[in-house]
Amino acid sequence: MKHIMSFIFLRNFYHLRNCLLIGANSRLLRIHSNRCIVFPLRTYSNVTRRLPLRSITPHIINLQFNISIASKEPKISYQYSDPIKLYQAQKERDTIDQPATILVLDLGTTGLNSKTDKITEIAIRDVQGGMDSKFYTLVNPEVTLKNHKRNELHTESGVPRMEEAIPRLLKWVESRQINGKPVILVAHNGHCFDFPFLVRAFHEYGYQIHENWLFLDSLHLARQVLHDNGTKLKRGNHKLKDLVKFFNIVVEASAQKAMVDVNALCAVLQQMTFVSKLTSADLIERAYTASRYSTRRSSE
DNA sequence: TGCCAGGCCCTCTTTAGGGCCTT
């Protein structure tokens, strides 16, 4: 009986969200005792999603969504939605059993070669949001950059070198970790770009990637789930910008370039997990450990 | 705009070639 009620609850939930066209702010669903708990992937992101004018109905307004008319198309911010308040209230009471911390990552580098190029920028965001949910730092690559202005920016006093940035990164990730449960680092094309850079940098300065750290490539995920779901994207249209456009997401500008992409990927990840009905457990199953890169490195 | 590296995927072919995707 409990399962039947949960099924009906879920069906009604999806139906409600589909009707309102606001399915972005609550993604990870799980049955908790006899209740359906809504897990938002993000709470304080500045990302908004464009909605067609006809979708603004009294129902949405009555639900107290934050609507701003900034241009021809109204925008709906998700940060004041009820599921989020529910999540925050539950989190404060520490009653939600989250299987993992999901962190969206983007790196800036001096080039594309993880063996020879250096990291210049690290941006990470905890999709659950809350206080101190963002980590951002420039990194002094200790090499001369081609762009003179960028070179000055990255070599200013106070910009940490990678060996100084790693301990800060570790401390921040640890602060986001929930009782030693896994951390899933998500990056677009991370398997071929961000993750090899990160793992190599850790090894270079004598740090080990913790076994609880898992890696998930959102490019690979997008190519899989957007096909499985029937909402096919044409081959060659899985760039982050393409996904932002596909999901009709508006990303606010920021001086921190990598953080702009992180914000965008947070929203894209929400959409993908929603349309594909993926849970945290599903993401864990699709993720892999750093040993995948360590093996590659040792075989060189 | 294209180059850079490299893993994955698709297509066309059976072992190879080319495009995608990231800074």
Side-chain angles (χ1 to χ4, degrees), chain A residues 103-125 136-155 159 161-162 165 169 184-204 209 214-229 231-247 249 251 253-269 271-272 285-300:
Chain A
L103 305 177
V104 171
L105 163 76
D106 189 66
L107 297 181
T109 68
T110 59
L112 297 172
N113 191 335
S114 63
K115 297 184 181 71
T116 58
D117 290 310
K118 301 291 183 181
I119 294 173
T120 59
E121 199 176 9
I122 303 173
I124 313 180
R125 182 171 211 144
Y136 178 84
T137 183
L138 288 173
V139 178
N140 184 347
E142 301 180 273
V143 295
T144 303
L145 302 177
K146 294 176 183 177
N147 186 319
H148 182 66
K149 290 182 179 178
R150 286 186 62 203
N151 198 52
E152 285 184 345
L153 186 66
H154 287 269
T155 56
V159 175
R161 291 171 290 142
M162 195 59 201
L169 172 63
I184 306 177
L185 287 165
V186 183
H188 205 62
N189 199 28
H191 180 55
C192 293
F193 185 77
D194 302 84
F195 304 150
F197 266 100
L198 192 68
V199 172
R200 180 170 286 272
F202 268 62
H203 286 169
E204 186 175 345
I209 300 285
L214 301 176
F215 298 95
L216 181 67
D217 189 340
S218 56
L219 172 62
H220 190 233
L221 185 68
R223 283 170 171 161
Q224 285 186 327
V225 300
L226 294 183
H227 277 253
D228 293 340
N229 185 257
T231 53
K232 292 184 179 179
L233 283 174
K234 290 181 181 177
R235 186 166 180 257
N237 282 6
H238 293 84
K239 290 190 289 289
L240 183 56
K241 286 182 180 178
D242 293 329
L243 297 178
V244 166
K245 186 177 179 181
F246 178 73
F247 287 121
I249 294 165
V251 183
S254 168
Q256 302 170 340
K257 181 183 176 301
M259 191 55 77
V260 173
D261 287 344
V262 163
N263 290 338
L265 185 52
C266 278
V268 166
L269 184 63
Q271 294 293 331
M272 282 199 297
E285 284 182 8
R286 291 168 183 265
Y288 43 85
T289 66
S291 62
R292 191 164 174 176
Y293 303 104
S294 303
T295 303
R296 188 187 305 166
R297 179 180 165 83
S298 61
S299 63
E300 291 169 0

Asker: Which part of the nucleic acid, if any, lies within contact of A:L112, taking any heavy atom under 4.0 Å across all strands shown: a base, the sugar-phosphate backbone alone, or nothing?
Answerer: base

Asker: Using a cut-off of strictly less than 4.0 Å, decide whether A:R292 has a side-chain nitrogen or oxygen near OP1 or OP2 of B:dC8.
Answerer: yes

Asker: Would you tell me if any nitrogen or oxygen in the side chain of A:H191 comes within less than 4.0 Å of OP1 or OP2 on B:dG6?
Answerer: no

Asker: Measure from CG on A:N237 to P on B:dT22 and round the result to the nearest Å.
Answerer: 11 Å

Asker: Of the nucleotides B:dA5, B:dG6, B:dC8, which one has an atom closest to the side chain of A:K115?
Answerer: B:dG6

Asker: How close or far is atom P of B:dC21 from atom CG of A:D117, stated in whole angstroms?
Answerer: 21 Å

Asker: Round to a whole Å and report the spacing from OH of A:Y293 to C1' of B:dG7.
Answerer: 9 Å

Asker: Out of B:dC8, B:dG6, B:dT22, which has the shortest distance to the side chain of A:L240?
Answerer: B:dT22

Asker: Tell me: CG of A:L216 to P of B:dT22, nearest whole Å?
Answerer: 15 Å

Asker: Can you tell me which residue among A:L105, A:D261, A:L265 is in a side chain to side chain contact (heavy atoms under 4.5 Å, CB included) with A:H188?
Answerer: A:L265

Asker: The side chain of A:D261 is closest to which nucleotide in this list: B:dA5, B:dT22, B:dT23?
Answerer: B:dT23

Asker: Name the closest nucleotide to the A:H238 side chain, picking from B:dT23, B:dC8, B:dC21.
Answerer: B:dC21

Asker: In terms of side-chain heavy atoms of A:T109, which of B:dG7, B:dT23, B:dC8 is nearest?
Answerer: B:dT23

Asker: In terms of side-chain heavy atoms of A:K257, which of B:dG7, B:dC8, B:dT23 is nearest?
Answerer: B:dT23

Asker: A:D217 near the nucleic acid: base, sugar-phosphate alone, or nothing, with a heavy-atom cut-off under 4.0 Å?
Answerer: nothing

Asker: Using atom NE2 of A:H188 as one end and atom C1' of B:dC20 as the other, report the distance to the nearest whole Å.
Answerer: 10 Å

